[in-house]
Amino acid sequence: MAGGLAVDSSGGQFEAKITATVIISCILASTGGLMFGYDIGISGGVTSMPSFLKRFFPEVYRRIEEGTVESNYCKYDNEGLQLFTSSLYLAALVATIFASPCTRKLGRKLTMLMAGVFFIIGTILNAVALNLGMLIAGRLLLGCGVGFGNQAVPVFLSEIAPTRIRGALNILFQLNVTIGILVANLINWFTAKIPGGYGWRISLALAGIPAMMLTIGALIVDDTPNSLIERGKLEEGKAVLKKIRGIENVDPEFNEIVEVSNVAKQIKHPFRNLLQRKNRPPLVIAIWMQVFQQFTGINAIMFYAPVLFKTVGFGSDASLYSAVITGFVNVLSTLVSVSCVDKAGRRVLLLEACVQMFISQLVIAIVLGAKVTDNSNSLNKGFAFLVVIMVCTFVSSFAWSWGPLGWLIPSETFPLETRSAGQSVTVFTNMLFTFVIAQAFLSMLCHMKFGIFLFFCGWVVVMCLFTIFLIPETKGIPIEEMTERVWRQHWFWKRFLED
Ligand SMILES: OC[C@H]1O[C@](O)(CO)[C@@H](O)[C@@H]1O
């Protein structure tokens, strides 16, 4: 394994090899992302399967079968159907509140284990569901898993990674989210063809595989040195630090973690502390990045791509495989981010993506506005192709920017004493706005029609301005030195740190 050096607070170097332990731990931990992604990707396809609709949402099934809907844009507008998708995110946002004290008091490892167990039970309930109650109960448990997993995994990854590859390793989480979505899309494509009408059960049951991977991974990995030291296990923390850094003399890094952790221990109420003036910069950035990430409209595509493609007139199979194509683009573009984020930096990726997202959503709005009327049956081939290309253009830019960086930047900018609480607020906000989009999109599509994409365009402009003025570059800055080297140097944020 290649050796290397990370910069420390004195401007000197912390020695750190990229050890096999670091890589394996990160791969195992990031299966939490796989599970999250699978849950995101599976619901869209399942809710477009007639056998599923007939069993749990007979009203929607009848409406589509009889063709009695007034407008194409309103085919799937049903609160219950949206609740099936959104209930998971509602549970996740409540779970996040409990997940934060767990990551702090019990450690990152145990919190990941709890997530795995929630996922397994939720998956079983979903796969054997006999009625809507069981189905929703399963979704709620999966949501608890997402809340615990999304809290613990990004923090785990940021703490275990040597500084110079922290960005890339952290993005493993989001990469796994996108792989999870893609696998779910592929599975839906196959299970939709299974005769007998139980394909949806297979789709929901296969979530058990990533759930087991996360559970086993959480049992195998060591907790992070930061978490061990924070909980007073100094010797164990040092031993793990030696193991993951692959060197004997870890004293400089160890001492810095101990120092920062002593400061952290004096904080009795992390959430109250988070509201202190000096913590305002990472807090404001973390919250707004989540709002923006969701108001790009990404989940309108991720949750409802098959439904959206059907709305604009694609056939069933074309809708499902178009969703697979966007899933592939999502994974490949996240890989671009892994290789660029620690070289090009965070800001370049965020800004470039804003331009690309704006143009693609504008074109989608124009094509739908001009060509998809309430009762037309299909978009002509050329325009349908253009819509798919524009959706891919949009997804690719999201995937190398706001998708992964929405998690990376908050996880690397909160100081240790507020890191768990900060991550918790981050996940909470993300889940809240994911819930809003999941619950509202089909109704918004019905009422706003193509205008929904102009609505998302407007948000892209706002997030572009926010990035230009308020998001600083954090590439290559050691995680415990953000205050001195980033906030104190920033034209706006420095006023929050003056004393
Ligand atoms: O890849 C897209 C996915 O990534 C997320 O933004 C999480 O970072 C999800 O909300 C979305 O479905």
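Index from 1, following the sequence. Quick caveat: nothing in here was measured; it's all calculated off a predicted structure. In listed order, ligands and their atoms are each counted from 1.
Residue nearest to atom 11 (C) of ligand 1, selected from Leu182, Ile298, Asn299: Asn299 (by heavy-atom distance).
For Gln290 and Thr429, the side-chain atoms include no donor-acceptor pair closer than 3.5 Å.
Any N or O atom pair closer than 3.5 Å counts here, and Asn330 shares at least one such pair with ligand 1. Considering backbone and side-chain atoms together, Gln293 places an N or O closer than 3.5 Å to an N or O of ligand 1.
Taking the six-membered ring for Trp, Phe469 and Phe492 have ring centres at least 6.0 Å apart. Between Phe56 and Phe84, the distance from one ring center to the other does not fall under 6.0 angstrom.
Under the 30°/60° scheme for interplanar angles, the aromatic rings of Trp288 and Phe466 are found to be tilted. Using bins of under 30°, 30° to 60° and over 60° for the plane-to-plane angle, the ring pair Trp487/Trp493 lands in the perpendicular bin.
Contact between Phe398 and ligand 1 is present, with at least one heavy atom of the residue lying under 4.0 Å from the ligand.
Interface atoms of ligand 1 facing Ile40, defined by a heavy-atom separation under 4.0 Å, are 9 (C), 12 (O). Of all the atoms in ligand 1, the ones that sit under 4.0 Å from a non-hydrogen atom of Thr178 are 1 (O).
Scanning all protein heavy atoms for the shortest distance to atom 5 (C) of ligand 1 gives Gln174 NE2, 3.9 Å.
At a heavy-atom distance under 4.0 Å, no atom of Thr334 approaches ligand 1.
Between Arg419 and Glu230 there is no salt bridge, since none of the side-chain N atoms of the basic residue sits less than 4.0 Å from a carboxylate O of the acidic one.
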